[in-house]
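Below: the structure, in structure tokens.
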Amino acid sequence: MRLDPATYQVPTLDLARNLLGCVLVHETPEGRTAGIIVETEAYLHNDPACHAYRRQTPRNAPMFGPPGMIYVYQIYGQYHCVNIASGAEGIGEAVLIRALQPTEGLDLMALRREVGIRRVKAVFGKPHVEKILPPTQLCNGPASLVTAMGIHKDLNFQMMQNGPLSVDSPESLDFEVVCTTRIGIKHGADLPYRFYVNGNRFVSRR
DNA sequence: GTCAGGATTATG
DNA sequence: ATAATCCTGACC
């Protein structure tokens with residue numbers, strides 16, 4: 001069942017924490033994929049690592065939308081990451097989804113990932129070699145999970161409260177949360193805005 | 001118009 | 001450790 005809309009109406013750091021254990025679901029013509037959110041990062045309006053730190057621009061506009069708005073952006077020319085806008089409308093904040101524990105559509109996820117890998121290999125000009133991705137490597141990074149879930153830029157500005165991409169209520173809350181510094185950023189690297197499920201094997205950078 | 005750089009990933 | 005890759009935002 002989809003999260004109650006009120007769930008998104010909390011401070012961004014709280015949302016990042018509360019999203020752990022919830023289930024990200026994407027319904028597409030190819031099939032349904034889903035996974036438990038096991039790692040997130042918060043990006044606040046007064047945080048130098050935040051895309052919305054300076055001003056509102058065409059790219060970061062979804063971050064200024066109402067809580068629950070989807071923000072998909074491209075990074076390093078070839079990857080995409082998905083965020084959920086948070087905080088009051090007009091304030092640019094969001095939660096980055098960094099890793100999932102896959103629960104549904106693992107075959108479809110593997111297929112989507114394989115196509116992505118094949119594309120990378122083609123760029124390198126090397127022959128394609130069949131690669132078998134274990135479940136732990138299907139969604140263990142922000143760009144990996146976006147590929148596995150079939151998330152595209154066309155979800156930008158859409159809402160988690162309705163539409164094909166959604167977050168469902170947790171099936172279990174029987175886990176401990178670890179809070180540490182974020183990954184892959186230069187500015188604000190010392191801020192403890194990363195949250196993950198303690199001991200979970202599906203978290204990135206294990 | 002120009003240009004440096006990035007919330008990553010796969011490979012060596 | 002490093003290349004791949006291109007869009008975005010800053011600046012002139």
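Chain A is the first sequence line, chain B the second, and so forth, proteins listed ahead of strands; every chain is numbered from 1. All values below come from the heavy atoms of this structure, side chains included, with hydrogens, waters and symmetry mates left out.
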Task: Flag, side chain of A:Arg2 to backbone of A:Met160, donor-acceptor distance under 3.5 Å - done: yes
TODO: Quickly work out the A:Tyr71 OH to C:dT8 P distance and round it to whole Å.
DONE: 9 Å
Task: A:Arg112 side chain to A:Thr28 side chain, donor-acceptor N/O pair below 3.5 angstrom - done: yes
Task: Length of the CG-C1' vector between A:Asn83 and B:dG6, whole Å - done: 14 Å
- [ ] Would you kindly compare A:Pro142 and A:His187 by the position of their nearest DNA chain B nucleotide and give the one closer to the 5′ end?
- [x] A:His187
TODO: Ignoring the backbone of A:Arg59, work out which of B:dA7, C:dT8, B:dT8 is nearest its side chain.
DONE: C:dT8
TODO: Please state how far atom CZ in A:Phe195 lies from atom C1' in B:dA7, giving the value in whole angstrom units.
DONE: 15 Å
Task: d(CG, A:Leu133; C1', B:dT9) in whole Å - done: 12 Å
Task: Touch class at under 4.0 angstrom, heavy-atom based, for A:Arg182 against every strand present - done: nothing
- [ ] Please determine if a side-chain N or O atom of A:Arg55 lies less than 4.0 Å away from the OP1 or OP2 oxygen of C:dA10.
- [x] yes
TODO: Evaluate the side-chain proximity of A:Glu171 to A:Cys22: yes if any heavy-atom separation is below 4.5 Å, no if none is.
DONE: no
Open item on the list: Can you tell me whether the side chain of A:Tyr73 and the base of B:dA7 have a donor-acceptor pair closer than 3.5 Å?
Closed with: yes
Task: Spacing between A:Ile75 atom CD1 and C:dC6 atom P, to the nearest angstrom - done: 14 Å
Open item on the list: Could you identify the nucleotide paired to C:dA4, looking across every strand shown and requiring Watson-Crick or G-U wobble geometry with both distances under 3.5 Å?
Closed with: B:dT8
Task: Candidates C:dA10, B:dG6, C:dC7 - which lies nearest the side chain of A:Lys186 - done: B:dG6
Open item on the list: Over all strands shown, is A:Ala143 touching base, sugar-phosphate only, or nothing at heavy-atom distances under 4.0 angstrom?
Closed with: sugar-phosphate
Open item on the list: What is the distance, to the nearest angstrom, from the NE2 atom on A:His80 to the P atom on C:dC7?
Closed with: 9 Å
- [ ] To the nearest Å, give me how far apart CD (A:Gln137) and C1' (B:dT9) are.
- [x] 12 Å
TODO: Evaluate the criterion side-chain hydrogen bond (donor to acceptor under 3.5 Å, both in side chains) for residue pair A:Ser204 and A:Glu39; output intermediate values, then yes/no.
DONE: CA-CA 8 Å; A:Ser204 70; A:Glu39 179 182 356; 2.9 Å; yes
- [ ] Assign A:Glu41 to base, sugar-phosphate, or nothing according to its heavy-atom contacts below 4.0 angstrom with the strands shown.
- [x] nothing
Open item on the list: In this structure, how many angstroms lie between the P atom of B:dA7 and the CG atom of A:Asp47, rounded?
Closed with: 11 Å
Task: Quiz item: A:Gln78 side-chain donor-acceptor pair to C:dA4 base, under 3.5 Å - done: yes
Task: A:Tyr76, nearest nucleotide to its side chain (from B:dA10, B:dT8, B:dA7) - done: B:dT8
Task: Distance below 4.0 Å between A:Arg113 side-chain N/O and B:dA10 OP1 or OP2 - done: yes
Open item on the list: Would you say that A:Pro102 contacts A:Phe202 through its side chain, given a criterion of any heavy-atom pair below 4.5 Å between the two side chains?
Closed with: yes
Open item on the list: Assess whether a salt bridge exists between A:Glu41 and A:Arg182, defined as any Lys/Arg side-chain N lying under 4.0 Å from an Asp/Glu carboxylate O.
Closed with: no
Open item on the list: Looking at A:Thr57, I'd like to know whether one of its side-chain N or O atoms comes within less than 4.0 Å of OP1 or OP2 on C:dT8.
Closed with: no
